[in-house]
Amino acid sequence: SCLIELRSWEVHQRTLNGSQFYTYQVCNVEEREQDNWLRTTFIQRHPSASRVFVELKFIVRDCNSFGEGTLTCKETFNLFTSESDADVGTTFRKGQFRKVATIAPDEITKRNEMHLNTETRYVENLSRKGFYLAFQDIGACVAIFSVRVFYKTCPATVKSLAVFPETVARGGEKQVLREVSGTCVENAESEEQPRIYCTLDGEWVVPVGQCQCKPGFEEAEDSCRECQPGFFKADASSSKCEPCPDNTQRLNPGASFCPCMAGFYRAHTDPITGPCSGLPSAPKDLEATSNHLPAGKLLLSWNPPEYTGGRDDITYSVLCQRCESFECKPCGEKIRYDPASMGLTVTRVSVSELDAHFNYTFTVEAHSGVSVLFSTFDKNPQTIASMRLVERDSTSLSLSWDVSPRQLVQSPSVHYELAYRKKDNKLDVTTYVVLKLERSSVKISDLAPGTAYLVKVQAFSSDGSSGGSSVEEQFETLSDVILTSAVGGAIMLLLVIVILVLCRRRSNSHARQGPEDAYFSNPEQLKPLKTYVDPHTYEDPNIAVLKFATEIHPSHITKQKVIGAGEFGEVYRGILKGPGRKEVAVAIKTLKPGYTEKQRQDFLSEASIMGQFTHQNIIRLEGVVTKFKHAMIVTEYMENGALDRYLRDHDGEFTSYQLLGMLRGIAAGMKYLSEMSYVHRDLAARNILVNTTLECKVSDFGLSRVLEDEPEGTYTTSGGKIPIRWTAPEAIAYRKFTSASDVWSFGIVMWEVMAFGERPYWDMSNHEVMKAINEAFRLPAPMDCPSAVYQLMLQCWLQDRSKRPRFGDIVSLLDKLLRSPDSLKTIADFDPRVSIRLPSTSGSDGSPFRSVSEWLESIKMNQYVENFTLAGVISMDQVLQMKTEDIRKIGVRLPGHLKRIAYSILGLKDQTSTLSVFAV
Ligand code: AMP
């Protein structure tokens with residue numbers, strides 16, 4: 001009833017497989033110029049559904065079945081659509097409809113057998129309130145059984161403790177993913193807003209911004225539950241609640257830490273998550289001897305206390321008293337102790353300068369890290385002591401404190417009042433914010449960044465009587481932005497601020513520098529000698545070039561041969577001969593004629609960036625030509641060209657040790673870049689250059705290329721281009737490019753190098769790669785890869801970027817491995833079926849290989865085709881019979897090649913290979 005016939009279509013009743021159906025049909029096969037329309041009633045559109053699917057069930061009669069003389073007979077019909085904001089009733093204007101598709105049957109209906117066809121098409125870019133569908137017949141014999149109109153949604157879901165609502169899948173031409181924000185489940189929190197992408201097919205992919213259960217809560221099936229009594233969890237993390245440590249109180253559920261039991265303490269330096277300790281008992285077996293010693297000298301010795309209070313920081317002190325006729329006094333300054341009288345870690349001390357004929361009394365005390373606290377409480381039982389900082393960020397301070405054990409014994413249900421104020425509020429030193437608390441810890445939120453606060457806390461017993469206040473202590477929130485260390489005084493600071501301000505203003509997507517979130521927030525690591533300056537921060541980019549690059553006169557440059565095609569023009573090999581200087585081999589990048597000013601500036605920006613770096617493993621800029629018509633960039637010449645190609649051309653020819661040496665160089669270059677706060681964004685073997693001594697240098701610093709020219713680049717929803725297989729998930733998902741995302745890419749480069757230039761993830765599509773990564777799959781170990789090296793790759797590919805190693809760590813680890821080559825002997829598990837992957841088990845279309853050469857080609861070993869032919873191995877059946885020894889005999893000598901071929905044959909024998917072996 002939802003279709004309106006407009007001409008010639010009729011309603012019929014039909015029987016199909018024993019059931020009755022109403023159909024709309026038309027069958028004017030013998031008349032010329034048919035134009036019969038059937039239109040749906042108005043279909044309301046869901047406001048978010050811009051793409052709807054139309055599923056048709058229909059039959060079409062075979063024209064031949066009408067006999068001769070039906071030349072006008074057709075076997076297809078057309079699907080049209082027209083958008084509208086209102087229902088126009090039965091008015092029909094053909095001109096308003098646009099064609100969506102020609103519908104042809106998969107199986108045609110012959111005279112006696114009816115074939116029901118199902119076809120699904122979609123209508124895209126819908127934007128108005130609703131639409132009509134229409135079917136145009138131009139002379140076929142058609143019956144439509146049903147029309148189903150639907151759109152797809154990604155179902156409501158909970159992923160990584162974040163709730164995502166049901167979302168209509170939609171997209172335009174470039175937009176295949178829809179970003180959806182989620183919210184953390186109750187009692188979970190996350191640093192970044194959790195996000196996920198909804199694909200056009202209604203599937204969720206790539207969740208980012210993991211939510212984690214708050215302190216005091218742990219994950220339990222997509223939710224966070226309180227820690228059981230007797231357990232605690234101190235931070236927002238994915239770890240489980242842990243049992244309260246020794247000598248702590250097992251209090252209520254949901255504890256973020258366990259306070260000390262009466263009589264036990266944590267020293268200032270003890271972690272809040274660790275056990276509490278009691279005072280040590282007295283030292284044992286104290287002995288004094290003066291035998292064989294000069295007069296006035298004595299040796300004291302003792303044994304450690306029976307009970308150390310659970311600590312290993314025990315020290316001893318010796319007290320001396322001189323007694324005369326029942327009256328004792330301190331011995332005074334005259335007496336000498338060796339090695340000392342206090343803070344002793346040994347259990348003996350020699351005492352000298354004693355006077356003869358006097359009675360001395362020596363007392364030896366054992367102390368530990370908590371003794372100080374005990375004496376504080378001892379003197380003033382009401383004091384609150386050891387208020388300490390548990391955690392802080394830019395807007396909050398988490399504090400905890402201990403209360404006197406005596407107070408706890410007298411009144412176990414103490415509560416606290418904590419008062420705080422900004423330290424520098426000179427106008428108002430009397431107004432505090434007061435918080436009433438049940439526990440001896442608190443997280444104070446909504447504070448100002450980089451600000452000092454004064455905090456004091458007071459305990460109250462259940463009867464309301466107040467204990468003493470703690471002394472007022474000062475704590476400071478973290479700054480939003482941690483500036484570089486105070487190397488250069490005010491001018492330096494001013495410069496940095498100006499740069500930051502400029503960067504903010506230009507915060508378009510390719511601002512490549514800036515304080516790198518938590519990754520760099522450790523002040524220890526914030527000591528770059530120099531910070532990279534984005535040439536875009538210069539009003540006139542030509543000035544940046546002049547500042548960072550030397551101008552070369554074109555007459556000093558000789559071009560010899562084209563060696564590559566750059567983004568802006570040819571790259572030549574050539575010679576640079578400056579006045580009074582030796583000739584050097586150089587690479588010359590040129591700018592092709594007909595460029596715009598913007599292109600010239602983008603071209604030269606690479607020099608402005610490169611010119612700021614001086615490092616063995618960063619390609620060195622010799623200079624630029626800017627003052628002449630043909631602009632050029634001149635860099636050191638790297639004889640072996642790009643690393644990916646070079647390794648492919650020398651497949652299997654290097655040992656792991658040599659490959660690791662190359663990686664060590666790349667890592668050192670990247671460490672230098674990260675210390676300068678430069679984020680590369682496009683680290684890949686194709687952007688590493690190699691010279692004759694196999695030294696590897698990082699190159700490719702163009703500003704525009706990440707956005708426009710990257711050959712591996714894939715357009716993202718927001719317009720930029722991203723080389724998906726090299727890029728960290730957070731950078732793909734929300735452009736969080738940091739040194740940590742460069743570390744991810746470095747992991748991929750490690751894999752490329754260890755696999756001799758193999759393409760990461762082989763022939764998987766970008767979408768499959770993203771999906772696999774999202775489902776925690778990672779690349780498997782390349783053939784012959786040392787286990788320690790593969791472990792490092794996996795570390796670089798940790799989802800949580802703060803857990804990935806830093807470039808400094810990577811360099812140290814690689815150095816360590818290189819110093820002890822034995823550590824490379826353990827080889828990571830290698831599965832030939834996965835690692836030479838599916839292309840080796842069958843042809844690209846999934847069918848078995850038709851010839852030996854097709855197979856060799858698929859594993860990139862076609863240089864051996866002749867060896868196989870000459871040896872008479874001409875069919876795949878023969879190949880399957882070959883043993884490693886046979887392969888060697890026909891002339892495959894390089895161990896890498898031998899293994900690759902042998903493994904591939906293994907893989908061919910076992911067709912069961914699946915990608916699932918890839919899981920980590
Ligand atoms: P690029 O525009 O930097 O990607 O350079 C294009 C190609 O030119 C590279 O893939 C290399 O093959 C080659 N090339 C660029 N710079 C050098 C260099 N310094 N030494 C040798 N070859 C280079």
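This chain uses plain numbering: 1 for the first residue, then up along the sequence. Remember, it's 1-based here, ligands and their atoms both numbered in the order they're listed.
Qualifying side-chain contact (heavy atoms from CB on, under 4.5 Å) partners for Arg648, counting only residues two or more places apart in sequence or in other chains: Asp644. Residues that satisfy the side-chain hydrogen bond (donor to acceptor under 3.5 Å, both in side chains) test with Glu192, not counting sequence neighbours, are Tyr734, Arg801. In this structure, Ser812 has no side-chain hydrogen bond (donor to acceptor under 3.5 Å, both in side chains) partners at least two apart in sequence or on a different chain.
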Just list the N/O pairs, ligand 1 to protein, that are under 3.5 Å apart, with the distance for each.
residue	atom	partner	partner atom	Å
ligand 1	2 (O)	Lys589	NZ	3.4
ligand 1	3 (O)	Lys589	NZ	2.5
ligand 1	19 (N)	Thr635	OG1	3.2
ligand 1	19 (N)	Glu636	O	2.8
ligand 1	20 (N)	Met638	N	2.9

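At least one test fails for Arg681 against the ring of Trp726: distance under 6.0 Å to the centre or angle within 45° of the axis.
Donor-acceptor pairing under 3.5 Å is recorded for the side chains of Glu597 and Gln601.
Using a cutoff of 4.0 Å between basic side-chain nitrogens and carboxylate oxygens, Glu606 and Lys589 are scored as salt-bridged.
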